[in-house]
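Once you've had a glance at the structure underneath, I'll fire off some questions.
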Amino acid sequence: MKKALALILTLCMILALTACGGGSSNGGGASNGGSAPSGGSSSGGDADGGSEYTSVNIIAAHGATETTSMHLSWLKLEEMLEERSGGAVTVDIYPNQQLGGDREFTESAVQGNVTMGSPSPAAITAMIPSLNVYDAPFMFPDYETAYKALDSDAGQALLDSMETVGLKGLGAYENGFRNLTCNKDVNSLDDLKGLKIRTMESEVHLAIWQALGANPGPLAFGELYTALQQGAFDAQENPLEQIYNNKLHEVQNHVYLTQHVYTPYIIYINLDVWNSLNEATQELIQTCVDESVAYNRELCAENNLKCTDGINNSGKSQVYEVSEELRQAMIAACNEAGIYDLVIEKSGGTYAQDFFDAAGFTY
């Protein structure tokens, strides 16, 4: 009887110890307990395995195609973040308007459903008026001047202004100088009169082309190829990569290097997510963004040459230089129409004037 009782007590002790220990074979780590929020998730502490970095899944969105330098730069950023964080930081990229156009995915980022994005500033100026500064025409004579302004204190102030809507500005990839495409010769301002041109839905962009004598109208980018093909618009304006990668040169036989506006893609992260990260993770993300921006600029220079060659060799369109006489006439028309005053007014504060000074631009 005593032996039976002892055996029963021993079994009870074994069962109790097993229940307390949890029986985990992977170190007893806690489960994530379900799927991550759609906008990315942060553990609020160190990642599993004792990493110095906060564990976070980044949902990133942009509107360009997978063949563009911007998408390749996002892939580079993803690679660096995941490798250097030891997997604590993961990135899921949604290109080509998969999560909506620039305005739509930026609104989602403000709401916390997207973690990071890189829209064209003109698409989100209704949310962040300071970004109207980037649409000032003929502000930069070349890429080096544009980079100098973007990397200046005035450029950082524009990034910081995004915090008013809950976004943390991190840097800028390159969209490039915008250029005119059409199906006619353009040698003077008279050739632009009445030209029905598609623009972005931006007050400044519309005002620029009105000042140049054209008849501008906004249209969603995804509808542009068909609209040009069907003759709903005579012309459009975009950087070379957008023209070539979206095959716009197939339905427009002239590409003029007007370089009237330099357009960056502003890289941001949801501010709440940013603030949830420890300092090491914030520094890692900023460093990797900076390095991917440098990579992006090199890639864009190469791609612009490839796009020019691709257009010229397509048998459908040709790239043409714009005379200095026409360029100066376009600048004078914008100045006379008060475009620069409009940019200063729309952006508010001293954002525009400070940025003009950083670029060495006077009007």
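Model, not experiment: these values are computed from the prediction.
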Given salt bridge (Lys or Arg N to Asp or Glu O under 4.0 Å), test Asp234 with Lys193 step by step and report yes or no.
CA-CA 12 Å; Asp234 304 319; Lys193 287 182 178 178; over 6 Å; no
Ser120 and Asp102: side-chain hydrogen bond (donor to acceptor under 3.5 Å, both in side chains), yes or no, with the steps?
CA-CA 7 Å; Ser120 177; Asp102 288 2; 4.8 Å; no
Report yes if some heavy atom in the side chain of Thr287 is under 4.5 Å from a heavy atom in the side chain of Arg84; otherwise report no.
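SC-SC contact between Thr287 and Arg84 confirmed.
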Is Lys184 atom NZ crowded by more than 12 heavy atoms from other residues, nucleotides or ligands, each under 6.0 Å away?
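Atom NZ in Lys184 is packed in, count exceeds 12.
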Decide whether Glu107 and Gln111 meet the rule of one side-chain donor and one side-chain acceptor closer than 3.5 Å.
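No pair is found: no donor N or O on one side chain lies under 3.5 Å from an acceptor on the other.
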Ring centroid separation Tyr244 to His249 under 6.0 Å
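Ring centroids of Tyr244 and His249 are less than 6.0 Å from each other.
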Passes salt bridge (Lys or Arg N to Asp or Glu O under 4.0 Å), Arg297 versus Glu302? Steps please.
CA-CA 9 Å; Arg297 291 175 180 177; Glu302 297 173 4; over 6 Å; no
Closest approach of Pro119 to Thr106 (non-hydrogen atoms, all atoms of both residues)
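Looks like CG-OG1, 3.5 Å.
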Crowding at CG, Asp153 (>12 non-hydrogen neighbours, <6.0 Å)
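No, the 6.0 Å shell around CG holds no more than 12 heavy atoms from other groups.
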Compare every heavy atom of Tyr351 with every heavy atom of Ser130, then report the nearest pair and how far apart it is.
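Residues Ser130 and Tyr351, closest heavy atoms: CB-CD1, 3.6 Å.
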Evaluation steps, side-chain hydrogen bond (donor to acceptor under 3.5 Å, both in side chains), between Asn303 and Glu241:
CA-CA 7 Å; Asn303 281 0; Glu241 271 201 277; 3.2 Å; yes
Please evaluate residues Glu321 and Tyr256 with respect to the criterion side-chain hydrogen bond (donor to acceptor under 3.5 Å, both in side chains), reporting the C-alpha separation (whole Å), side-chain torsions for both, the decisive distance (0.1 Å), and the verdict.
CA-CA 6 Å; Glu321 295 285 346; Tyr256 284 101; over 6 Å; no
In terms of side-chain heavy atoms, does Asn238 have a donor or acceptor partner in Gln236 at a distance below 3.5 Å?
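Side-chain D/A pair, Asn238 to Gln236: present.
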Linking I/L/V/M/F/W/Y whenever their side-chain heavy atoms sit closer than 4.5 Å, directly or via other members, would Leu240 and Val261 fall into one cluster?
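Looking at the clustering, Val261 is in a separate group from Leu240.
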For a quick test of your reading: what N or O donor-acceptor pairs under 3.5 Å do the side chains of residues 87-97 make, sequence neighbours left out?
from: Thr90; atom 1: OG1; to: Asn57; atom 2: ND2; distance (Å): 2.9
from: Asp92; atom 1: OD2; to: Asn57; atom 2: ND2; distance (Å): 3.2

With rounding to the nearest 0.5 angstrom, report the OH to NZ distance, Tyr268 to Lys168.
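Reported to 0.5 Å precision, the distance equals 15.5 Å.
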Check for a donor-acceptor pair, side chain of Thr226 on one end and backbone N or O of Glu223 on the other, with a separation under 3.5 Å.
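Flag not set: sc Thr226 to bb Glu223 has no pair under 3.5 Å.
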Sub-4.5 Å side-chain heavy-atom contact between Leu248 and Leu228
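The answer is yes; the side chains approach within 4.5 Å.
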Between Leu99 and Ala61, which heavy-atom pair has the shortest distance, and what is it?
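Shortest heavy-atom separation between Leu99 and Ala61 comes out as CD1-CB, 3.9 Å.
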If I take atom OH from residue Tyr340 and atom CD from residue Gln353, how far apart are they, to the nearest 0.5 angstrom?
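The OH atom of Tyr340 sits 12.5 Å away from the CD atom of Gln353.
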Could you check Phe138, Phe140, Tyr143 and say which one makes a ring pair (Phe, Tyr, Trp, His ring centres under 6.0 Å) with Phe177?
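For Phe177, the ring pair (Phe, Tyr, Trp, His ring centres under 6.0 Å) check succeeds only for Tyr143.
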Verify the distance criterion only: is there a donor paired with an acceptor across the side chains of Asn270 and Thr115 at less than 3.5 Å?
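Looking only at side-chain atoms, Thr115 and Asn270 do not form any donor-acceptor pair under 3.5 Å.
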If a pair satisfies ring pair (Phe, Tyr, Trp, His ring centres under 6.0 Å) and one of its residues is in residues 111-134, list it, with sequence neighbours excluded.
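Non-adjacent pairs meeting ring pair (Phe, Tyr, Trp, His ring centres under 6.0 Å): Tyr134-Phe355.
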In sequence, state the C-alpha distance, the side-chain angles, and the governing distance for Arg198 and Trp209, and then conclude on side chain to side chain contact (heavy atoms under 4.5 Å, CB included).
CA-CA 10 Å; Arg198 177 270 179 187; Trp209 287 100; over 6 Å; no
Within the 4.5 Å heavy-atom criterion, are Glu203 and Leu342 side-chain neighbours or not?
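Of all side-chain heavy-atom pairs linking Leu342 with Glu203, at least one is under 4.5 Å.
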Do Val255 and Leu195 land in one hydrophobic cluster if side-chain heavy atoms of ILVMFWY residues count as linked below 4.5 Å?
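Cluster IDs for Val255 and Leu195 differ.
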If you apply the rule side chain to side chain contact (heavy atoms under 4.5 Å, CB included), what do you find for Ile267 with Val293, and how did you get there?
CA-CA 10 Å; Ile267 310 165; Val293 166; 3.9 Å; yes
Is any NZ, NE, NH1 or NH2 atom of the basic residue among Glu250 and Lys316 found under 4.0 Å from an Asp or Glu carboxylate oxygen of the other?
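No, this pair does not count.
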Pair Asp135, His205: side-chain N/O donor-acceptor within cut-off below 3.5 Å:
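The criterion, which ignores hydrogens and geometry beyond distance, is satisfied for His205 and Asp135.
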Is the ring centre of Tyr265 less than 6.0 Å from the ring centre of Tyr173?
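No; Tyr173 has its ring centre 6.0 Å or more from that of Tyr265.
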Straight-line distance of Leu277 CG to Glu283 CD, nearest 0.5 Å:
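Here the rounded value is 12.0 Å.
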Check: Gln286/Asp290 side-chain N/O donor and acceptor closer than 3.5 Å
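The answer is yes; a qualifying pair exists.
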Please check if the side chain of Thr145 supplies one atom and the backbone of Pro141 the other of a donor-acceptor pair under 3.5 Å.
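Between the backbone of Pro141 and the side chain of Thr145 there is no qualifying donor-acceptor contact (under 3.5 Å).
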Flag side-chain contact, heavy atom, 4.5 Å: Asn215 against Ile197:
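Asn215 does not reach Ile197 side chain to side chain.
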CD (Glu336) with more than 12 external heavy atoms under 6.0 Å
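Count not over threshold, so no.
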Trace of the side-chain hydrogen bond (donor to acceptor under 3.5 Å, both in side chains) decision for Ser347 with Asn132
CA-CA 5 Å; Ser347 59; Asn132 278 289; over 6 Å; no
Return the CE to NZ distance between Met80 and Lys76, rounded to the nearest 0.5 Å.
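Separation between the atoms: 6.0 Å.
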Gln318 and His254: side chain donor to acceptor below 3.5 Å
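His254 and Gln318 do not have a side-chain donor-acceptor pair below 3.5 Å.
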Beyond-backbone contact of Tyr363 with Met139, side-chain heavy atoms, under 4.5 angstrom:
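The answer is no; the side chains never approach within 4.5 Å.
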Going through the distances and angles, do Leu167 and Ile269 end up as a side chain to side chain contact (heavy atoms under 4.5 Å, CB included)?
CA-CA 6 Å; Leu167 300 174; Ile269 186 170; over 6 Å; no
Can you list the residues that meet the ring pair (Phe, Tyr, Trp, His ring centres under 6.0 Å) rule with Tyr147, with sequence neighbours excluded?
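Tyr147 satisfies ring pair (Phe, Tyr, Trp, His ring centres under 6.0 Å) with no residue once adjacent residues are dropped.
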With the side chain counted from C-beta on, respond yes when Pro137 and Ile331 share a heavy-atom pair under 4.5 Å apart, and no when they do not.
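No, their side chains stay 4.5 Å or more apart.
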So, for Pro264 and Pro121, which heavy atoms are closest and what is the spacing to 0.1 Å?
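Residues Pro264 and Pro121, closest heavy atoms: O-CD, 3.0 Å.
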Looking at side-chain heavy atoms only, is the closest gap between Ile285 and Cys288 below 4.5 Å?
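No. Closest side-chain heavy atoms not under 4.5 Å.
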Return the minimal non-hydrogen interatomic distance between Ala64 and Gln242, and the atom names on each side.
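Minimum heavy-atom contact is CB-NE2, 4.1 Å.
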Straight-line distance of Asp357 CG to Thr350 OG1, nearest 0.5 Å:
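Reported to 0.5 Å precision, the distance equals 9.5 Å.
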For Ala227 against Leu219, the heavy-atom pair lying closest together:
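Between these two residues, the closest heavy atoms are CB-CD2, 3.6 Å.
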In terms of heavy-atom contacts, does CD of Glu298 have more than 12 from other residues, nucleotides or ligands at under 6.0 Å?
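Counting neighbours around CD of Glu298, 12 or fewer heavy atoms of other residues, nucleotides or ligands fall under 6.0 Å, so no.
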Between CH2 on residue Trp74 and CD on residue Glu66, distance to nearest 0.5 Å:
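Reported value, rounded in 0.5 Å steps: 14.5 Å.
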Honestly curious: do Ile124 and Leu206 fall in one hydrophobic cluster under the side-chain, below-4.5 Å linking rule?
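No; tracing contacts between hydrophobic side chains, which count when under 4.5 Å, never links both residues.
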Using the side-chain contact (heavy atoms from CB on, under 4.5 Å) rule, pick out the option among Val319, Leu257, Val322 that qualifies with Asn179.
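Per the side-chain contact (heavy atoms from CB on, under 4.5 Å) rule, the option paired with Asn179 is Leu257, out of Val319, Leu257, Val322.
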